Amino acid sequence: MDKSVKRLMAYYIRMLRTMRGFTQQDVASKIGKTTNAISNWELGNTSPPVDDMVEMCKLFKVTPNQIMGWDECPELMDYIAQTEDAAQKVEELKKQKEEIEKQIKSYTELMNRKN
């Protein structure tokens with residue numbers, strides 16, 4: 001399997017799992033695999049056998065082509081966009097927090113010098 005397809009499939013498995021609200025343990029128990037197997041699929045270390053891929057597709061309510069990234073899954077694309085937007089907002093808030101902390105430190109130092 002092509003490396004880029006394998007990486008995309010690994011990413012989609014993880015995102016589909018989280019989109020559906022499953023833990024790795026949930027998926028493992030529902031399809032009769034170990035949590036380690038699910039983790040390895042999500043990391044792209046290994047690829048799921050065809051039978052397991054079919055079970056995951058049923059569980060996630062997608063087609064094999066969607067989980068492989070060959071066909072678009074609009075629901076997944078929306079979820080990924082929302083997740084990326086949220087991550088970007090978190091990063092922006094972290095930067096704002098750092099700036100506020102610098103301002104507070106500067107103000108505190110100024111006040112200590114006056115006293």
Side-chain angles (χ1 to χ4, degrees):
M1 179 182 298
D2 180 81
K3 274 186 177 182
S4 62
V5 171
K6 192 173 181 179
R7 277 194 307 263
L8 184 62
M9 183 176 64
Y11 178 67
Y12 281 1
I13 290 170
R14 180 171 50 90
M15 295 306 287
L16 285 162
R17 176 182 59 76
T18 58
M19 180 178 79
R20 296 291 186 224
F22 295 124
T23 64
Q24 288 182 342
Q25 181 60 47
D26 294 335
V27 174
S29 66
K30 289 179 185 298
I31 66 171
K33 293 295 173 183
T34 64
T35 304
N36 193 45
I38 307 304
S39 176
N40 279 320
W41 297 343
E42 290 184 6
L43 292 170
N45 295 337
T46 59
S47 297
V50 174
D51 292 346
D52 296 330
M53 177 74 84
V54 169
E55 291 304 311
M56 274 194 302
C57 288
K58 289 178 190 174
L59 181 64
F60 298 150
K61 299 179 178 134
V62 294
T63 67
N65 283 352
Q66 288 172 320
I67 209 168
M68 297 287 287
W70 296 332
D71 289 346
E72 188 172 302
C73 178
E75 183 183 12
L76 179 60
M77 295 301 105
D78 289 346
Y79 177 77
I80 289 170
Q82 290 171 5
T83 301
E84 289 173 353
D85 286 347
Q88 183 179 3
K89 287 177 183 172
V90 167
E91 287 304 312
E92 290 170 7
L93 289 171
K94 283 181 183 177
K95 288 177 185 175
Q96 288 176 4
K97 178 184 176 239
E98 289 172 4
E99 184 59 34
I100 291 168
E101 287 172 343
K102 285 179 188 176
Q103 290 174 1
I104 290 171
K105 182 178 178 183
S106 178
Y107 180 75
T108 302
E109 289 172 356
L110 179 63
M111 294 305 294
N112 286 338
R113 277 187 257 153
K114 287 185 177 184
N115 292 332

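Computed from a predicted structure; not experimentally measured.
Annotation: side chain of Val62 is not in contact with side chain of Asp71 (no heavy-atom distance under 4.5 Å). The shortest distance between side-chain heavy atoms of Arg20 and Leu59 does not fall below 4.5 Å.
Here the shortest heavy-atom pairing between Ile31 and Glu55 reads CG2-CB, 3.6 Å. The two residues Ser47 and Lys6 make their nearest non-hydrogen contact at OG-CE, 3.5 Å.
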Exercise for the section: Evaluate side-chain contact (heavy atoms from CB on, under 4.5 Å) for Phe60 paired with Gln66, printing each intermediate quantity in order. Expected result: CA-CA 10 Å; Phe60 298 150; Gln66 288 172 320; over 6 Å; no
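Here CG of Asp78 is found 9.5 Å from CE of Met19. Values are rounded to the nearest 0.5 Å. In this structure, CG in Leu76 is found 4.0 Å from CD1 in Ile80, a value given to the nearest 0.5 Å. Atom CD1 of Ile100 and atom CD of Gln103 lie 7.0 Å apart (nearest 0.5 Å). Interatomic distance, CD1 of Ile104 versus CD of Glu99, reported as 10.5 Å (0.5 Å rounding). Going from atom CD1 of Ile38 over to atom CZ of Phe22 covers 11.5 Å, rounded to the nearest 0.5 Å.
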For residues 9-16, which side-chain N or O atoms pair as donor and acceptor with protein atoms under 3.5 Å away, sequence neighbours left out?
none

Only pairs under 3.5 Å count here: list side-chain donor-acceptor contacts from residues 83-97, not counting sequence neighbours, and write none if there are none.
unit_1, atom_1, unit_2, atom_2, d
Thr83, OG1, Tyr79, O, 2.8
Lys97, NZ, Glu101, OE2, 3.3

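Val5 and Met77 fall within a single hydrophobic cluster, where Ile, Leu, Val, Met, Phe, Trp and Tyr are joined by side-chain heavy atoms under 4.5 Å apart, directly or via other members. Under the 4.5 Å side-chain heavy-atom criterion for grouping Ile, Leu, Val, Met, Phe, Trp and Tyr, Trp70 is connected to Met56 within one hydrophobic cluster.
Residue pairs that meet the side-chain hydrogen bond (donor to acceptor under 3.5 Å, both in side chains) test with at least one member in residues 21-31, sequence neighbours left out, are Thr23-Asp26, Gln24-Glu42, Gln25-Thr35.
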